[in-house]
Structure formats: structure tokens, C-alpha cells
Amino acid sequence: MREIQLHNTLSGKLEPFVPQKPGEVRMYTCGPTVYDYAHIGNYRTFVFQDMLRRFLKLRGFQLTHVMNLTDVDDRIIANAAAAGKDIRGYTEKFVQAFFEDCKTLSIEAPEHWIRATDHIDDMVKLIQRLQEKTFTYSSEGSIYYRIAKFPNYGKLSKIDLTGIQAGARVDNDRYEKESARDFALWKAPKPGEHFWQTAIGPGRPGWHVECSAMAMKYLGETLDIHTGGIDLAFPHHENEIAQSEAATGKPFARYWLHAEHLLVDGEKMSKSLGNFFTLRDLFAKGYKPSAVRLALASVPYRKQLNFTFNSLRQAASGIERLRNFADRLQQGKFPAGKTEGMAARIVQAEQEFDEGLADDLNTARALAAAHELMRVANVAMDKDEFLQGDVAPARQFLATFDKVFAVLEDNDAQKLQALGYDSVQAGLSDVEIEKLIADRTAAKKMRDFAAADRIRKELAERGIILEDTKDGTVRWKRK
RNA sequence: GGCGCGGUACCCAAGCGGCCUAAGGGAAUGGUCUGCAAAACCAUCAUUCGUCGGUUCGAAUCCGACCCGCGCCUCCA
């Protein structure tokens, strides 16, 4: 098996992936800030993280994956206050929506889903460690990190601190800092704001400290993998490194992976441009969860993904093809025997699939391997050269494929219903459909094709596609 | 200005020195199959890889310059 290569932001290069402990991977991924519904750009990153975790598991690693939910920050405090709610009361709705969205997109639950507000003590302890080592200073009740004391600052984002010392840029932070780049570990409460009463005084944590404290609590002082969106590289991850490594004297994370952004129609998604979408916006327009997942998954994570409705339709077609093939394997009748050639092609597809993913999670390559095998197998089936004994290995391949892509299961309608979107064809039950198909079959027998076509058309209008098979049975599916 | 992605067919996209007269998918057109469909299959769809130079026996792939798109450089995945 080919060794896994990952692009490490730290070195700017592809590196062979070798975890600290053979066979075990400890991974931390930055999750959402739950001040609103997450948007599809967020999910581009989360789907990437999910595919990474799925691939590592497929490769047999014992994985401990932690994803945080940032449920305290300026926006949350402001929005909660405006809504007259406390922090938990305000964020709960978005936390639940996030969980639902993950389920809908087949994003697996990590081993630990954790919230910042459950870990204030851990953050306080980390800040105290930094205080002992004099990496901090206090000012007007807030505690800041003194970047000047950490010589390696900038190693992740390659930022050059010379020339942008205090005063180089306008510092409009409300608090007093020694240097413009210094960041708050702990923020003094403002009147009326929610705060925690702690050993380091009243207040609330700065943004960056949560990830350092939580990651180290669950995964140890040196993680194998840390990931997030590219925008987090600076300042968030840079600051995490500064805090963590100053406190422990050890490398914080060995591999840093950053997902490029999703664009909509070639532009940054933003509310003001009117190109801002949540998952729910897409479902309301009738797009399937699986198509959204595939659209997000099929462009490798280090490439900006230009999201368009056309790309969604393309993904939907891809899903159709994959599922049609899976159905054909499931339901088709094949001659007895087993062919050498097909077995070899399947092994080849498995190899290409694995190699693609091992190559810095090149999902486009992995997907192409599946398509290539499908074409070869379909051709063989059309010629009756695909035999019964070829079915199991082919299905095995699809199962492997789906362990990472997770789009084959035909459960979009249920997922949408669970979220309260009634699918178009909700009116017809399976029994009613079967009844209409029986009527049509009867009409066909009488050679009353007009009547038969009328039924087909009626079903089509309600989203049911019929397929006549050679042996006279009729397969159907919901579009 | 600094740092970083990227420009490959109508669209998405792989490729990263010879196996490339460039994977895979979507769309389209024609065809096979079908009572008609659907699915599947076949054919057509880039002698060319943003532009111009250079290196090389050989370049989409390396080097240089330029053009264009995008992101980060104050809490945005």
C-alpha cells in the first residue's frame, strides 16, 4: 500500500504521514462558531475533514478525532444579548442545527464533540501556565499573550513580524496592548456581559485559547493532525502554536492541513453579495443531500472550489450513475462463473482509489477510479461477460468507496423529511406505485401502449422513474 | 506591499519532465438496445494545456517575465 502523503502547511510541502504512535492518529479539527447556521463554505471544510477521518480509518488507524464547537465569542455574546438570552440558550439552536446538518451530509461524529464553554477551567489552567512562564501580561483586567517572547511566531503562516510592530497598523482593539499582534487570552468583562469568575479574575476566554486547551486535554501535548479552513492559519492557528508551545515546550501539532475556500460563482461567499447559502437553502431548492456532499467532496481540498448550481446538478448526475450501478449489481442476474479479467480490473480500481486518497486526499482521482471500473463493468454486463462470481468483489469495491465518499445509500428523501422538507413525490406510497405499475403491465400485455405510457408519464410527473427489464419485471425509483 | 492558492475541452476536473497526438465525470449531438422509454453501451466533443520567451534529445509538467481570477495579512471554514 502506498504511504500517505499530506501537504503540511508548516513546511509548505507534501510529507509522508507518519503518526507518533504507529497505528494511532490523534486529530483535532476546528469546528463551527455557533452564532448562526453554518454555510456551505463551512461544510466544504467539514466534509474534507470527514473524508480525511474516514480514509484514516479505512487505512486501519485507530483514530481519536476531536472537533470543537466555539460557543463563546464576541458575535455570540452580542447576538445573545440582543435576543435577551444567555449564551447557552442562544447557541443551542445552532448547535442542534449543526448536528442535524452533519447527519444529513453523512459527516461522521468524531470521537469527541466538545464545547468551549464546558472547558473554561482547562483554559484558565493553560493561561496560568503561560503566566508562570511570563508569556503574558495583564492590562485593564484582560490578559494578553506577549508575542515578542515567542521567537518562532509566524512559522505556520510565514508571517514576518518585522515592520509590523505596534503602530504599524491602526490598532482599533478596545483593549490596551503592548504590541499590535499580541492577542487576548482572557478578556475582562464589559458591563452587562456574561463572564466567568475564575482564579485569573472575572472574564471570558479569548478565541484561540480554547483550541489549545481542549486539544491538549483530549489528545496530549503533541497532536498528529490539526486542520481547519485556510483562513484559520492566521491568526488562529499561529496563535494556538504560540500558546501551546510556549506552555509545553513541545511541538503542538505535527501536520497542519488547511482546506481552501469555497467560492460561489467565482466570488467569496458573503451575505452582501447575495451568494450566501446554508444547506437548508439548497434543500429548499430541491437539491439532495448526497449531491451536495459529492459536489463538496469531488474537488480536492487544497483547491478552491467554485460552487455553482451547475456543479450541484453535475454531482446529482454522478450520484445517479453510481447508484444505478450499485442497483444493477444488486438486482442483475449474471451467468455463473467468475472472470479473471474483471477480478483484475477490480483490484486495479481498488489500488487507484487508495492511491488517489493517499496522495494528499485527491478525491478527484479516487472518484475517477470508481467511474472507470463502472464503465468497464457495465460494458461486460451488456455483453454477458460479467459473471456471478464478479459480483461480490465489485460490491466490495463499492463498499470501500462509500466508506470514504458516503453517497451511495439512497436515503435522501428520508433525510429531507427528517429536516421537514417534504419531497416532491411524498404523496405516493410504495403500494400505490406498485399498483400503478401492475396496471401498466396489464395494459402492455393487452398491447394498449397508449394507456401504458399514460401511466408512465403520470408516475414520471410525480418523480417516479420506471425501468422495464429483460425478464419482464419493472424496476422503479424515486428521482 | 508580504504570504498563499489557481488558470487544462461548453462545464467540473486529473495530470506535475518521456507511458499525454492529455484520465474521469457532466452537458450536447448522432447511434445501438426498447412497442415507446429508462438504464447501459458506442461515436463525436483539447495535435492542445493563460501569454511570451528560455532550459532540454523531449515540457501541460522545469526556469524567467507578463496577464488574469481568488484567498489570507484585526476573532471569516
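Chain letters run A, B, ... following the sequence lines, proteins first, then strands; residues in each count from 1.
In this structure, a donor-acceptor pair under 3.5 Å is present between the side chains of A:Y43 and A:D101.
Counting atom types as modelled, A:R44 pairs no side-chain N or O with a base atom of B:rA77 as donor and acceptor under 3.5 Å.
A:R313 has its CZ atom 20 Å from the P atom of B:rG25, to the nearest Å. Separating the OH atom of A:Y301 from the C1' atom of B:rG4 is a distance of 14 Å, rounded to the nearest angstrom. With rounding to whole Å, A:D74 atom CG is found 16 Å from B:rU74 atom P. Following rounding to the nearest Å, A:N275 (CG) and B:rC76 (P) show an atom-to-atom distance of 18 Å. Rounded to whole Å, the distance from CG on A:L329 to P on B:rA39 is 18 Å. Distance A:E352 CD to B:rG25 P: 13 Å, rounded to the nearest Å. What separates NE2 of A:H7 from C1' of B:rC3 is a distance of 12 Å, to the nearest Å.
In terms of heavy-atom proximity, A:K155 sits nearest to A:E245 at NZ-OE1, 2.9 Å.
Every stem involving RNA chain B, taken as at least 3 paired positions in a row under the Watson-Crick or G-U wobble test at 3.5 Å, is listed here: B:1-7 with B:67-73, B:10-12 with B:24-26, B:28-32 with B:40-44, B:50-54 with B:62-66.
Distance check on atom C1': B:rA23 versus B:rU48 gives 15 Å, rounded to whole Å.
Within the 4.0 Å cut-off from OP1 or OP2 of B:rA27, at least one side-chain nitrogen or oxygen of A:S317 is found.
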Going by atom type alone, with no hydrogens or angles, which donor-acceptor pairs under 3.5 Å involve a side-chain atom of residues 306-314 of chain A and a protein atom two or more places apart or on another chain?
unit_1 : atom_1 : unit_2 : atom_2 : d
A:N306 : OD1    : A:D265 : N      : 3.1
A:N306 : OD1    : A:G266 : N      : 2.7
A:T308 : OG1    : A:N310 : N      : 3.4
A:T308 : OG1    : A:S311 : N      : 2.9
A:S311 : OG     : A:T308 : N      : 3.0
A:S311 : OG     : A:T308 : O      : 2.6

Can you give each donor-acceptor pair under 3.5 Å made by side-chain atoms of residues 46-56 of chain A, sequence neighbours left out, with the distance rounded to 0.1 Å?
unit_1 : atom_1 : unit_2 : atom_2 : d
A:Q49  : NE2    : A:T227 : OG1    : 3.0
A:D50  : OD1    : A:R54  : NE     : 3.4
A:D50  : OD1    : A:E108 : N      : 2.9
A:D50  : OD2    : A:R54  : NE     : 2.8
A:D50  : OD2    : A:R293 : NH1    : 2.9
A:D50  : OD2    : A:R293 : NH2    : 2.9
A:R53  : NE     : A:E108 : OE1    : 2.9
A:R53  : NH1    : A:H65  : ND1    : 3.2
A:R53  : NH1    : A:E111 : OE1    : 3.0
A:R53  : NH2    : A:E108 : OE1    : 3.3
A:R53  : NH2    : A:E111 : OE2    : 3.2
A:R54  : NH1    : A:K403 : O      : 2.9
A:R54  : NH2    : A:S106 : O      : 2.9

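Along RNA chain B, the nucleotide nearest to A:H208 and the one nearest to A:N362 differ in position, and the one closer to the 5' end is contacted by A:N362. A residue-by-residue look at A:F234 and A:G266 shows that A:G266 has its nearest nucleotide of RNA chain B further toward the 5' end.
Residues that satisfy the side chain to side chain contact (heavy atoms under 4.5 Å, CB included) test with A:F449, not counting sequence neighbours, are A:K444, A:R447.
Atom OH of A:Y153 sits about 8.5 Å away from atom OH of A:Y145, to the nearest 0.5 Å.
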Identify all pairs in which a protein N or O lies below 3.5 Å from an N or O of nucleotides 11-13 of chain B, and state each distance.
unit_1 : atom_1 : unit_2 : atom_2 : d
B:rC11 : O2'    : A:N310 : ND2    : 3.1
B:rC11 : O2     : A:Q314 : NE2    : 3.0

Strictly under 3.5 Å: I want the nitrogen or oxygen pairs between protein and nucleotides 40-44 of chain B, one per line.
unit_1 : atom_1 : unit_2 : atom_2 : d
B:rA40 : O3'    : A:N378 : ND2    : 3.2
B:rA40 : O2'    : A:R328 : NH1    : 3.3
B:rA40 : O2'    : A:D382 : OD1    : 3.2
B:rA40 : O2'    : A:D382 : OD2    : 2.6
B:rC41 : OP1    : A:R321 : NH2    : 3.1
B:rC41 : OP2    : A:R321 : NH1    : 3.1
B:rC41 : O4'    : A:D382 : OD2    : 2.9

